[in-house]
Amino acid sequence: MFCDWRRHYGWLVTGICHLQFVFGFGVISSYVLLYVELEKEMKGSSAMSLGWVASVAWGMSALMSVVTSPLYERFGHQKIIITGVFLTFLGILGTTFAPNLWVMYLTFGVILGGGFNFVYNPSINLVTAYFPKINCTRATALASMGAPVGLLVILPLLDIGFHLVGWRNSYRVLAGVYLLLTLPLCYFMMPPGPTYLQQISEAEKESIPEKEKFISTGSKSDDDGKREEISSEDKKEHYKNNLCYTMETINEHYKTDYLNHKTNEEHIPEMDNFIPPAESSDTKQSEEKKEKYRHDWQKYISILWLPQHWLYFFGLMGSTLAAVFNSISLGSLLIHNGYTEDRATFLITGMIIAELLARVLVAAFGDCLPCARTLILPATCGMAGVVSLLLGFYSEFPVVILYLAGTGIARGVMFALPYGVAVEVFGAEKSVEVYTSMLVAFGLGGLLACIVPGLSFDLTGSYTASLHICAGIWIVCGILYLALYITHRKTTASTSAVGDRRIDVISTSEGYKVLLVPGESMKTMLDADLATTV
C-alpha cells in the first residue's frame with residue numbers, strides 16, 4: 001500500500017505551487033490595470049511601447065526556462081525557487097521607483113518576469129515528479145490554477161489601492177506581502193525521495209482493473225472470491241489493444257537481451273579469469289560527471305528531431321500570443337469601446353471567473369476524459385477564434401460577454417491542459433525537456449503579444465484588426481494541434497503494429513506469458529544500433 005503521508009506531501013507541494021502562482025502570475029497579469037494608469041501618467045507613449053512592459057515580463061517568465069532547467073537539475077529545486085522569490089520581490093519593488101518605461105522594461109519585464117521563472121519552472125516540475133502518471137493533469141491544473149485565482153484576488157485589491165494610495169504604493173505593499181508569505185513555504189519545496197517512484201509504481205499496480213491485474217495468472221476474481229478462467233483469445237486481444245503502452249517496455253527488454261546475445265557470441269576462455277584494473281574513485285566520479293552533463297544536453301537536443309515537438313511548439317506559441325493579448329490590452333480595448341474603468345474591471349473579472357472555471361474542469365476531469373487530451377486543444381482554439389472574429393465585427397454588450405466567456409475558457413484550457421498533453425504525447429520520462437520547450441514557446445508567444453495590438457492601435461486607433469488577427473492565429477493553432485493528434489495517433493499505431501512483430505500468448509505452469517517475436521526489420525535495426533555502439 002502506498003504510504004499516505006507521501007501522497008499527501010505531493011498535494012502539499014501542489015498547494016504551495018498554487019500559492020506561489022497566485023502572487024507571481026497575479027502581479028504580471030495585473031498589468032491589464034497598470035496599463036490604463038500608465039496611459040494617463042506617461043502621455044504620448046505609444047500603445048506598443050506600453051505593451052512591451054508586460055510582453056517582456058510574460059516572455060521572460062517562460063524563456064528563462066533554458067537557464068533554470070539545468071540549474072535546478074544541478075543545484076536542486078529549493079535553492080532555485082528561493083532565488084526566484086527574492087528576484088520577484090525585487091522586480092515588484094523596483095517597478096515602483098521606475099521613472100520611465102525603459103526602467104520598467106528592466107524591473108517589471110526582466111527582473112520580475114525572469115525572476116518568477118526561477119519559481120515557476122522548478123515548481124511545476126516538482127508537481128510532475130510527485131505525480132508522474134496518476135493525477136498528473138489534476139495536480140498540474142490545480143497548481144496552475146493559481147494564475148486566475150491570483151488575478152481574481154489581486155485585481156480588485158489593486159483597483160482599490162490605485163484609487164486610495166496610487167499604483168506605486170499599492171505595488172510596494174504587495175511586494176512585502178509576497179515576500180513574507182512565500183519565502184517560508186520554500187522550506188517544503190523538496191523533490192520526492194529515492195523510494196518514491198517505486199511506491200508510485202506499486203500504487204499504479206493497485207489501480208489496474210481486475211481483469212488486467214490477473215492477466216498473468218490466467219484467471220481473475222469476482223466479488224465472491226471465485227476465480228474465472230480467461231481464454232487465450234481474450235489475452236491476445238487484451239495485449240493487442242494495450243500494446244501502445246506495453247510495447248515500449250517489451251522492446252527495451254528485447255533490445256537489451258538481443259544486444260547482449262550479439263556481443264557474447266564470440267566467447268574467449270582465456271578472459272574468464274581476467275580482472276580489470278580498478279579505477280580510482282576520483283577518475284570514476286569525473287567520468288560520471290562528464291557523462292551526466294553530456295546526457296543532460298543530449299536529452300534536450302533529442303526532442304528537436306521529433307515532428308510532434310514542433311507542431312506542439314508552434315501551436316503553444318501562437319495560442320499564447322492570442323491569449324496574452326487579453327492580459328495586456330483588454331482593459332484599454334473595453335475603455336475605447338465606451339466602458340468606464342470600473343465597468344471594464346468588472347468585465348475583466350468575469351473573464352477571469354470563466355478561466356478559473358475552465359481550470360477547475362480540467363483539474364476534475366483532465367485525467368478521465370473520454371477522448372485524447374490532445375483533441376481538446378483544437379476544439380478550444382476553434383471556439384476562441386469564432387468569438388474573437390465576432391467581436392471584431394460587432395461591439396454590442398452581448399457579444400462582449402460572449403467574447404469574455406469564450407476567451408476566458410480558452411485561456412483556462414490553454415494554460416492548464418498542455419502539461420497533461422505533453423505527458424500524453426511525449427511520456428513522463430521526457431517531462432523536464434518537454435516542459436522547458438513548452439515554456440520557451442509560452443515565452444516567445446508572450447514576448448510577441450504586444451506587437452499585434454500595439455501596431456493595430458497605433459496605426460488605426462482601434463483594436464478591430466487585432467481581433468481579426470487573433471482569430472486567425474487561434475484557427476491556425478487549432479490546425480496545428482489537430483495535426484499533432486493525427487501524427488501522434490499514427491506514431492502510436494505504427495509502434496503498436498504487429499506486422500513485423502508477432503505476439504504469442506502461451507500457457508505455462510506459472511500462468512500465461514506474452515512473447516514478442518521480432519521480424520527481420522527489427523533485427524536489422526538492432527544490428528545497426530550495435531554497430532554504431534561498438
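Just so we're clear, the structure is a prediction, and the values are computed from it rather than from any experiment. The figures here come from the full heavy-atom set of this structure, side chains too, leaving out hydrogens, waters and symmetry mates.
Closest heavy-atom contact between Gly406 and Met383: O-CE, 3.3 Å. Nearest heavy-atom pair, Glu41 versus Arg168, reported as atom, atom and distance to 0.1 Å: OE2-NH2, 2.8 Å. Residues Ala410 and Ala384 approach most closely at CB-CB, 3.7 Å, considering heavy atoms. What you find for Leu447 and Val56 is that their closest heavy atoms are CD1-CA, 3.8 Å. Smallest separation of non-hydrogen atoms from Ala422 and Val434: CB-CG1, 3.7 Å. Contact record, Met190 with Gln78: CG-NE2, 4.0 Å, taken as the closest heavy-atom pair.
Looking at Ser55, its side chain never comes within 3.5 Å of a backbone N or O of Trp52 through a donor-acceptor pair. With hydrogens and angles ignored, the 3.5 Å screen pairs no side-chain donor or acceptor of Thr320 with any backbone N or O of Gly445. Between the side chain of Ser61 and the backbone N or O of Trp58 there is at least one donor-acceptor pair closer than 3.5 Å. At least one donor-acceptor pair under 3.5 Å links the side chain of Arg411 to the backbone N or O of Ala323. A donor-acceptor pair is defined here as one N or O able to donate and one able to accept, closer than 3.5 Å; no such pair exists between the side chain of Thr487 and the backbone of Leu484. Checking side-chain atoms of Arg359 against main-chain N and O of Ser144 turns up a donor-acceptor pair under 3.5 Å. Under a 3.5 Å cut-off, the side chain of Asn100 and the backbone N or O of Val103 do form a donor-acceptor pair. For His309 (side chain) and Leu304 (main-chain N/O), no donor-acceptor pair under 3.5 Å exists by modelled atom type.
By the ring pair (Phe, Tyr, Trp, His ring centres under 6.0 Å) test, Trp102 is found to be paired with Tyr105, residues two or more places apart in sequence or in another chain being considered. Tyr178 meets the side-chain hydrogen bond (donor to acceptor under 3.5 Å, both in side chains) test with no other residue; sequence neighbours excluded. Under the side-chain hydrogen bond (donor to acceptor under 3.5 Å, both in side chains) criterion, Thr96 pairs with Arg172, not counting sequence neighbours.
Phe25 and Phe116 have perpendicular rings, their planes meeting at more than 60° on a 0 to 90° scale where under 30° would count as parallel. Between Phe108 and Tyr171, the angle of the ring planes goes over 60°, which puts this pair in the perpendicular group of the 30/60° scheme.
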Requested in this report: Might you work through the side chain to side chain donor-acceptor pair (under 3.5 Å) test for Tyr312 and Ser437, ending with a clear yes or no?
Outcome: CA-CA 9 Å; Tyr312 200 40; Ser437 175; over 6 Å; no
Report task. Take Tyr130 and Trp11 through the test ring pair (Phe, Tyr, Trp, His ring centres under 6.0 Å) and record every step on the way to the result. Result -> CA-CA 8 Å; Tyr130 277 98; Trp11 290 115; over 10 Å; no
Requested in this report: Verify side chain to side chain donor-acceptor pair (under 3.5 Å) between Tyr481 and Thr380, making sure each step is shown before the conclusion.
Outcome: CA-CA 10 Å; Tyr481 289 133; Thr380 304; over 6 Å; no
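Between the OG atom in Ser170 and the CD1 atom in Ile160 there is a gap of 10.0 Å [rounded to 0.5 Å]. Put simply, OG on Ser123 and CG on Asn117 are 10.0 Å apart, with the number rounded to the nearest 0.5 Å. Considering CE of Met42 and CG of Leu50, their distance stands at 8.0 Å, rounded to 0.5 Å. Put simply, CG on Leu158 and CG on Leu151 are 9.0 Å apart, with the number rounded to the nearest 0.5 Å.
Checked options Arg489, Gln308, Glu424, His488; the residue passing with Thr374 is Glu424 (criterion: side chain to side chain donor-acceptor pair (under 3.5 Å)). Leu334 pairs with exactly one of Leu347, Thr345, Val36, Val32 by the side chain to side chain contact (heavy atoms under 4.5 Å, CB included) rule, that one being Leu347.
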